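Take a look at the structure below.
Atoms considered below: every heavy atom in the structure, side chains included; atoms not considered: hydrogens, waters and symmetry mates. Worth saying up front: this structure is predicted, and the values here are computed from it rather than measured.
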Amino acid sequence: LIAAITVFAIVITLAMSQLVGQSAADRNLALQIAAALQSNGSNSGTSGMSGTVRLLTSGQPVSGVSVAVYDASNTTIPVSTTATDSSGAYHVTQLAAGQYKLSFRGAKFLQMWYPSAISPSDASTVRLGTGQTRSGLDVTVGGLPATISGSVSGDDLSGATLYLEKNVQNGSAAGNSVVVPPAVPGAAPGIPPNTGAAVVKSVPIGSDGAFTLSGVPSPSVYLLVLAKPGYATSTQPIDVGAGEDRTSVSLVLRKGDGLISGTVASSTGALPDVTITATTGTTSASTVSLSENPPGGFTLRNLATPGTYTLIASKDGYASQTITVTLASGQKLTGVALTLGKSAGTLSGLASIVHPSPQADTPAAGVAVSVTDGLLTVQTETQSTKPVGKWEVGGLPIPGTYTVTFSRADLAPQTVSVSLDAQGNITPASQGTTVTAAGLEVRLEPSTAVVFGTVHQVGGARVCDGANDLGEATVSLSSGTSSYRVTTASTPTGRCGDYRLENIPPGTYTLTVEAGAGTIPHSQVLQLAAGDQLKVPVGLGRPASITGMVTSKNTGAGQCRWTVFLYLASNYPNTVTASQQTSGQPACGNYQFPIVDAGTYIIGVSPTSDPINSVLTVSVTIRPGEHNKTDIKADTGG
């Protein structure tokens with residue numbers, strides 16, 4: 001192997017300098033080979049020689065290679081020629097006793113001299129005695145260097161590396177080991193993906209995605225491996241001919257920073273050599289379980305995330321098991337337990353949430369389902385897409401009795417016992433189950449409470465539906481350790497004032513409803529138990545208001561179309577909070593501010609719409625919910 005590698009290094013070094021003129025020589029090679037096939041036997045003598053010509057890169061036999069025999073003292077004119085047959089073998093006969101050198105040449109192959117020399121001066125001399133036949137004069141030839149170029153597409157190519165790999169585990173037809181030259185100095189650092197192959201060359205991928213692999217040993221079959229940390233490894237086989245310039249090779253870099261790992265077992269223990277495949281429908285990855293470290297262990301790396309994967313475990317003589325797992329972005333899912341049985345059954349069904357009558361049960365998504373018989377445990381969860389609440393677990397050894405547990409944080413756990421007969425049917429011995437056409441029907445009770453209702457306001461001061469329901473009110477539920485808060489709906493019209501507080505743990509709470517500083521808040525104590533769905537309507541009193549009448553201090557008559565200005569005391573006289581004209585005939589002088597927050601105000605009156613013309617101001621303090629009446633007597637000058 002060391003010798004072969006050394007020869008190939010010399011071949012690559014000299015091949016580039018001999019490219020000029022090579023094509024012209026190749027054009028005549030077919031004629032030379034034809035002549036070689038007819039010339040053998042033209043010499044006189046009783047000696048001979050034979051051997052086999054193989055590829056340096058793969059060890060495969062090469063047919064149609066011209067073999068020339070020279071007198072060792074004159075390597076310019078051959079004394080005999082022949083060509084290799086379909087098995088790569090050659091035979092030269094009728095040679096006189098003497099000393100010879102052998103040359104081998106094929107189209108797009110660099111000329112070689114026996115046994116591994118580039119020039120005749122370095123070739124070994126083959127000595128033949130009278131009547132002697134030398135066999136086993138084998139050589140390996142290498143093609144002119146090939147070039148592979150193309151492009152890589154993907155979201156982010158920075159940090160990606162393209163490896164040219166050669167499978168060194170496959171031998172040639174004759175049993176020779178495949179020879180792979182060492183990687184080019186300066187190749188990208190790091191350990192390539194675990195493909196079981198040797199790295200011949202590697203090149204980093206630039207931002208434009210273009211790549212070129214030059215000086216590739218040929219002919220040979222290689223594997224192009226595109227890899228980047230956190231991304232899915234992409235592989236593509238490529239068959240390179242001798243001296244070929246292969247262009248337009250296309251590869252795609254796909255995201256793959258997820259991982260799924262776990263163990264596979266049977267009813268008798270860890271199970272090695274199980275094929276585990278994860279597929280999304282468009283991409284897939286596979287591996288096999290280990291025989292040790294740990295027994296039955298498996299790991300699927302470089303999975304694209306986020307994504308939902310169908311995980312299939314299969315082994316000859318065992319029933320396959322299929323489960324569905326979902327990976328979040330960058331998630332490394334470990335501890336997945338898979339079990340295969342010699343024969344297998346399936347459990348499936350629907351999970352739903354129980355609600356008080358007359359509300360119908362609703363499907364329950366995301367419920368963890370654990371199936372165990374004490375020796376093996378299989379886990380899945382109910383679907384969040386159609387049909388919602390559906391679950392299924394396969395690969396269960398039968399007959400057998402299983403405990404099936406359903407759990408979700410906001411639901412009370414439920415456990416049922418299910419027995420499967422030898423045909424995989426649920427037996428009457430099962431407990432706590434309802435069997436329908438869809439499988440096991442499980443109804444789960446909420447472990448938390450719900451408080452809901454509608455907030456309305458007496459007098460309808462703040463309405464959103466033409467009645468007195470109140471939108472944008474704050475509803476809070478609090479205990480000593482936790483608090484929950486929502487705002488009542490203002491749209492659509494039919495839901496105005498509605499609120500709903502969900503997933504409330506059992507306990508004692510204070511319900512508080514507020515609708516602004518001018519309204520007296522509502523509070524009451526609620527005792528909640530698991531599964532309660534408590535309807536609590538709330539009525540709030542009207543918010544604070546200010547009403548009154550502006551009259552003439554001189555005549556006592558109401559003043560029509562005067563302007564009343566309302567200021568917060570802290571903003572007087574710069575900012576007017578609200579303003580309103582007094583009523584006209586027949587009842588002059590009345591004014592009202594129907595919704596005000598609690599606080600201290602300054603009220604000014606003016607015969608015009610300009611507050612600078614105010615003739616009188618008064619101060620008034622308003623409490624939450626207070627309906628204040630303030631009459632104002634202004635000096636009208638009459």
Side-chain angles (χ1 to χ4, degrees), residues 448-505 507-528 532-548 564-572 575-581 590-603 618-630:
T448 56
V450 175
V451 178
F452 66 100
T454 302
V455 176
H456 65 277
Q457 191 168 69
V458 176
R462 292 186 183 179
V463 296
C464 54
D465 63 353
N468 61 350
D469 294 329
L470 180 58
E472 304 300 328
T474 300
V475 182
S476 60
L477 196 64
S478 60
S479 66
T481 58
S482 57
S483 180
Y484 306 87
R485 183 185 299 268
V486 296
T487 301
T488 59
S490 57
T491 59
T493 299
R495 300 296 302 276
C496 182
D498 288 357
Y499 72 92
R500 187 178 182 87
L501 294 158
E502 297 182 329
N503 299 327
I504 310 300
T508 301
Y509 295 87
T510 299
L511 179 70
T512 302
V513 182
E514 300 175 288
T519 302
I520 299 176
H522 168 88
S523 296
Q524 68 182 95
V525 176
L526 301 178
Q527 185 69 41
L528 301 178
D532 278 352
Q533 296 213 11
L534 188 61
K535 183 176 183 179
V536 183
V538 176
L540 293 179
R542 292 180 59 183
S545 63
I546 302 175
T547 61
V564 181
F565 300 98
L566 185 67
Y567 304 83
L568 279 171
S570 59
N571 293 336
Y572 179 80
T575 304
V576 175
T577 301
S579 63
Q580 188 184 69
Q581 278 193 333
N590 292 311
Y591 75 92
Q592 63 173 344
F593 296 101
I595 302 173
V596 296
D597 291 338
T600 300
Y601 293 90
I602 301 296
I603 302 174
V618 297
S619 176
V620 60
T621 299
I622 306 300
R623 297 184 299 275
E626 178 183 355
H627 306 298
N628 178 273
K629 188 174 187 304
T630 300

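Residues passing the side-chain contact (heavy atoms from CB on, under 4.5 Å) test with Asn571 are Leu568, Thr575, sequence neighbours excluded. The ring-ring contact (aromatic ring centres under 6.0 Å, His included) test applied to Tyr484 returns no partner, not counting sequence neighbours.
With hydrogens and angles disregarded, a donor-acceptor distance shorter than 3.5 Å links the side chain of His456 to the backbone of Val538. In this structure, the side chain of Thr488 engages the main chain of Glu472 through a donor-acceptor pair within 3.5 Å.
Every pair passing salt bridge (Lys or Arg N to Asp or Glu O under 4.0 Å) that includes a residue from residues 482-495 is listed here, sequence neighbours excluded: Arg495-Asp498.
Atom OG in Ser570 sits 9.5 Å away from atom OH in Tyr601 (nearest 0.5 Å). Note that OH of Tyr499 is 10.5 Å distant from OG of Ser476, once rounded to the nearest 0.5 Å. Considering OH of Tyr572 and OG1 of Thr577, their distance stands at 12.5 Å, rounded to 0.5 Å. Atom CZ of Phe565 is separated from atom CD of Gln580 by 11.5 Å, given to the nearest 0.5 angstrom. From Ile603, atom CD1 reaches atom OG of Ser619 across 8.5 Å, with rounding to the nearest 0.5 Å. The OG atom of Ser545 sits 8.0 Å away from atom CG of Asn628, with the distance rounded to the nearest 0.5 Å.
When all heavy atoms are compared, the tightest approach of Lys535 to Gly453 is CG-CA, 4.4 Å. Taking both residues in full, the closest heavy atoms of Thr454 and Cys496 are given as CG2-O, 3.9 Å, listed atom of the first, atom of the second, then distance. Among all heavy-atom pairs drawn from Ile622 and Ala544, the shortest one is CG2-CB, 3.5 Å. Contact between Leu528 and Tyr509 at its shortest, heavy atoms only, is CD1-CD1, 3.8 Å.
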(message) Is there a side chain to side chain contact (heavy atoms under 4.5 Å, CB included) between Val576 and Tyr567? Walk through the geometry before answering.
(response) CA-CA 5 Å; Val576 175; Tyr567 304 83; 3.5 Å; yes

(request) Begin with the C-alpha distance, continue with both residues' side-chain angles, and end with the deciding distance and a verdict on side chain to side chain contact (heavy atoms under 4.5 Å, CB included) for Phe452 and Val475. (result) CA-CA 10 Å; Phe452 66 100; Val475 182; over 6 Å; no

(message) Is there a side chain to side chain contact (heavy atoms under 4.5 Å, CB included) between Gln592 and His627? Walk through the geometry before answering.
(response) CA-CA 10 Å; Gln592 63 173 344; His627 306 298; over 6 Å; no

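Checked by atom type, the side-chain pair Thr600/Thr621 shows a donor-acceptor distance below 3.5 Å.
Side-chain contact between Glu502 and Thr448: absent, with no pair of heavy atoms (C-beta onward) separated by less than 4.5 Å. Val536 places a side-chain heavy atom less than 4.5 Å from the side chain of Gln524.
When each of Thr510, Leu526, Val486, Thr512 is checked for a side-chain contact (heavy atoms from CB on, under 4.5 Å) with Leu477, only Leu526 meets the rule.
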